[in-house]
There are 2 protein chains.
Amino acid sequence: MRASTGDGEQDLEAPASPPRQAGRRGPRPAGQATISRVAEAAGVSRATVSRVMNGSPSVNPELAARVRAAAEALDYEPSAAARRLALGRTGAVALVVPDLSNPLFQSVLRGLSQAAGRAGRQLLVAESDEDPEEEVILALEARRNSDALVLASPRAPDERLRALGDRLAPFVLVYREVAGLDAPSLSIDNAAGIGAVVSHLAGHGHRRLAYLAGPDGSAGNAERLAALRALAQAGPGIELTVLACGSMFEHGHAAASRVAECGVSAVVAFNDMVASGVLTGLRELGVRVPGEVSVTGFDDIPFARYTTPPLTTVSIPQSELGRQAWERLRGLMNGEGGGYNVRYQPRLLIRGSTGPAPA
Amino acid sequence: MRASTGDGEQDLEAPASPPRQAGRRGPRPAGQATISRVAEAAGVSRATVSRVMNGSPSVNPELAARVRAAAEALDYEPSAAARRLALGRTGAVALVVPDLSNPLFQSVLRGLSQAAGRAGRQLLVAESDEDPEEEVILALEARRNSDALVLASPRAPDERLRALGDRLAPFVLVYREVAGLDAPSLSIDNAAGIGAVVSHLAGHGHRRLAYLAGPDGSAGNAERLAALRALAQAGPGIELTVLACGSMFEHGHAAASRVAECGVSAVVAFNDMVASGVLTGLRELGVRVPGEVSVTGFDDIPFARYTTPPLTTVSIPQSELGRQAWERLRGLMNGEGGGYNVRYQPRLLIRGSTGPAPA
DNA sequence: TTGAAAGCGCTAACAG
DNA sequence: CTGTTAGCGCTTTCAA
């Protein structure tokens, strides 16, 4: 056994042992240049090449030029894997969402992707397909391959999240707030949004409302429903019918007949997709909107302006959430702390799908 | 200088030298367990721990249990970075698209995300914001942090792609085909789609058509336009008006008045978003669809069924593209080759936005 | 400013 | 079946 220097400076030429089975295991795409090869070609040490590649100012310009030339000539690209290991950071951030087909999460993805991209970071994305348990696993996994995480997990139980808090950190929670969790959260004030909707509707003389409920267990749905119930109880005379529905177009579409039958003058949909679906369904049934029944959505997805009639809905700062999430991550990664939680106050957008209650 | 064994088996206790500035550089989140610590705790070698963690069958069950217990007790999680370096692969695949807000790319993202997720791989996503040059840079960068790449780059010039072919490999191209490029491609037969649209329209007696053109430089737009022109020239008497438009709702919306003025009986939109926009615009102008003018889309995005009237459009296998892309990547990564290129043949979906030409 | 050396944490060929 | 050993390719003290 020979004492090694810990690194193979001298092993460039084949030693006594049989040449390592070529093409089998080589981490690099076959003949990819390594820092050692560049160093050799430029006649400097690996440390110097490293410095040059990382733009250290304290390198003799002439040397630097030589190194750059050698790197160029060899088509050298630093190994991301090796840097990750040596540096102890990945240069990536991760996003975990329940469902990539949901416009809400798409906006966050987009905002985050752009912000992270501008900062020169990779973005890892994972989708749990609405399975809360899977979500947590994915989050852990994603977190191991990144430096920080944005988690949208409307269904996972509070305790589960609290239990995993430090294995997930640093991370930020979006569209949700969990008490006692040590992570910044960016969420929506659902109650305020519902409040605005209801007072708009009440102002138009609507008394009997239906709520097209979102998925069971969704934190957003729970809050919206609770707000509605509270309003119905406290209010002067609002009568609330809750209809189980879902979160997709089809769900809303399928609920149209139940809406028509239950004799309400206005329907508050869990979100814009459901609202659009019910709009279409109602039209097919010959029910006039907003003449006979008014419809409201939630979220203000891009399509909401293009339904017929255009959807009155609650607007929330979707892509802002992505951007903010990035800011928080950045803070967290720099050890600056994640800042205060924020609850975005939604804004009611009155378009054509609501009007006076029929006499 | 002392002869090292190449790895710090013996350095668990602080040596003579000053304890490395704590909390500054440590690759692991402070006190994270390493394979060495686990090995020590279980009284075995690191190789054995590695074997156990990777489920090698040739490990004494009793030892394996001991190792697992130790790992558990120490909250050990293998370092992804170290594995990447040692293994020479990242375990991730990447997707680069021009625009994450485009439903077309969202579907690919989704299909790919699910397929890759099921296979236990991470997914890296990057968005170029429609800048073809940026796209190529991002692709290179993404590729360095993954094992294979799916590239949607409708605008980058053919030569550019050919030039970078081997630095990008293994990769697959979606929604596009580039001659002489050594990468499988999955694309749409745009001409066939347009053909179906035109014959449907012609069958309804439409003679004067407008094309709402997509972005300049988009490969898909070019093909659709070329097909339309060819048909207009060859055809019995189709008169084509090309209107510059774009790819978004707003673009279609804004084009409505030009459509109304140019006296056509049918408009073929670049895609569904444009079609939806023009539908809304036309309605606002009091133009009846399909009574006065028929409208067709392209892509069959989820929302197309929910416009008013529902959109007649060309359906393409969007999420299939994502799944297939994954299959190809898998093949490529296993050295099986990427298979033949495929051009998906679109299908015309006749819904309510088209009808007989007005007399 | 530069180089030598010592890792980062894991895997795998090889020998026993 | 298990341990030893030699890396994977890069960064970063530390000393010159």
Side-chain angles (χ1 to χ4, degrees), chain A residues 1-12 15-21 24-28 32-39 42-54 56-64 67 76-90 144, chain B residues 1-11 15 17-21 24-28 32-39 42-54 56-64 66-67 76-90:
Chain A
M1 138 176 150
R2 84 175 205 267
S4 139
T5 62
D7 208 304
E9 195 90 318
Q10 69 287 74
D11 286 342
L12 294 177
S17 47
R20 177 177 233 129
Q21 179 105 7
R24 223 308 260 105
R25 188 209 163 201
R28 317 225 79 191
Q32 240 303 17
T34 70
I35 198 175
S36 294
R37 239 182 270 295
V38 175
V44 301
S45 72
R46 304 201 321 279
T48 298
V49 177
S50 174
R51 293 193 186 102
V52 172
M53 297 311 289
N54 293 299
S56 159
S58 68
V59 185
N60 182 319
E62 192 205 325
L63 263 199
V67 168
Y76 171 63
E77 297 191 25
S79 148
R83 302 198 75 224
R84 283 181 181 221
L85 181 55
L87 254 16
R89 51 187 161 72
T90 66
R144 299 216 280 107
Chain B
M1 137 178 152
R2 81 177 205 268
S4 138
T5 61
D7 208 304
E9 196 90 318
Q10 69 286 77
D11 287 342
S17 47
R20 179 180 233 126
Q21 178 105 10
R24 223 307 261 107
R25 188 209 163 203
R28 314 226 81 190
Q32 242 301 19
T34 69
I35 198 174
S36 293
R37 242 184 268 294
V38 175
V44 301
S45 72
R46 305 199 323 277
T48 297
V49 177
S50 173
R51 291 191 187 101
V52 172
M53 297 310 290
N54 293 299
S56 159
S58 66
V59 184
N60 182 318
E62 191 203 325
L63 263 201
R66 226 161 70 209
V67 168
Y76 171 63
E77 298 191 23
S79 148
R83 301 197 74 225
R84 283 180 182 222
L85 181 57
L87 253 18
R89 49 187 163 73
T90 66

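Owing to the predicted nature of the structure, the values given are computational and were not obtained by experimental measurement.
- Side-chain atoms of B:Asn54 never come within 3.5 Å of backbone atoms of B:Ser56 as a donor-acceptor pair (strictly under, hydrogens ignored).
- Formation of a donor-acceptor pair under 3.5 Å by the A:Arg46 side chain with backbone atoms of A:Ser36 is not found in this model.
- Taking for each of A:Gly43 and B:Ala47 the nucleotide of DNA chain C with the nearest heavy atom, the 5'-most of the two is the partner of A:Gly43.
- In this structure, A:Gln32 places its CD atom 14 Å from P of D:dC8, rounding to the nearest Å.
- Distances from the side chain of A:Ser58 to the nucleotides C:dG9, D:dC10, C:dT2 place C:dT2 closest.
- Each of B:Val44 and A:Asn54 lies near DNA chain D, and the nucleotide nearest B:Val44 is the one positioned closer to the 5' end.
- Listed nucleotides D:dT12, D:dT2, C:dC10 differ in distance to A:Leu87; the shortest reach to its side chain belongs to D:dT12.
- Residue B:Arg83 places at least one side-chain N or O under 4.0 Å from the OP1 or OP2 atom of C:dT11.
- Distances from the side chain of B:Ala86 to the nucleotides C:dT1, D:dT2, D:dG7 place D:dG7 closest.
- Residue A:Arg46 contributes atom CZ, which lies 8 Å from atom C1' of D:dG9 at whole-angstrom precision.
- Between A:Ser79 and D:dG9 there is no side-chain N or O to OP1 or OP2 distance below 4.0 Å.
- The distance from atom CE of B:Met53 to atom P of C:dA12 is 14 Å, rounded to the nearest whole Å.
- Taking 3.5 Å as the limit, the base of D:dG3 and the side chain of B:Arg51 contain a donor-acceptor pair of atoms between them.
- With hydrogens and angles ignored, the 3.5 Å screen pairs a side-chain donor or acceptor of A:Arg144 with a backbone N or O of B:Pro78.
- For C:dT11, the OP1/OP2 oxygens have a side-chain nitrogen or oxygen of B:Ser50 closer than 4.0 Å.
- The CG-P distance, from B:Leu85 to D:dG7, rounds to 14 Å in whole Å.
- Atom CG in A:Leu63 sits roughly 5 Å away from atom P in C:dT2 (whole-Å rounding).
- In terms of heavy-atom proximity, A:Tyr76 sits nearest to A:Thr34 at CE1-C, 3.6 Å.
- If you measure from atom CZ of B:Arg89 to atom C1' of D:dG9, you get 17 Å, rounded to the nearest angstrom.
- Minimum interatomic distance between A:Val52 and A:Ala64 (heavy atoms only, all atoms of both residues): CG2-CA, 3.9 Å.
- Between B:Arg84 atom CZ and C:dG9 atom P there is a gap of 16 Å when expressed in whole angstrom units.
- For B:Thr48, counting side-chain heavy atoms from C-beta on, the closest listed nucleotide (C:dC10, D:dT11, D:dG3) is D:dG3.
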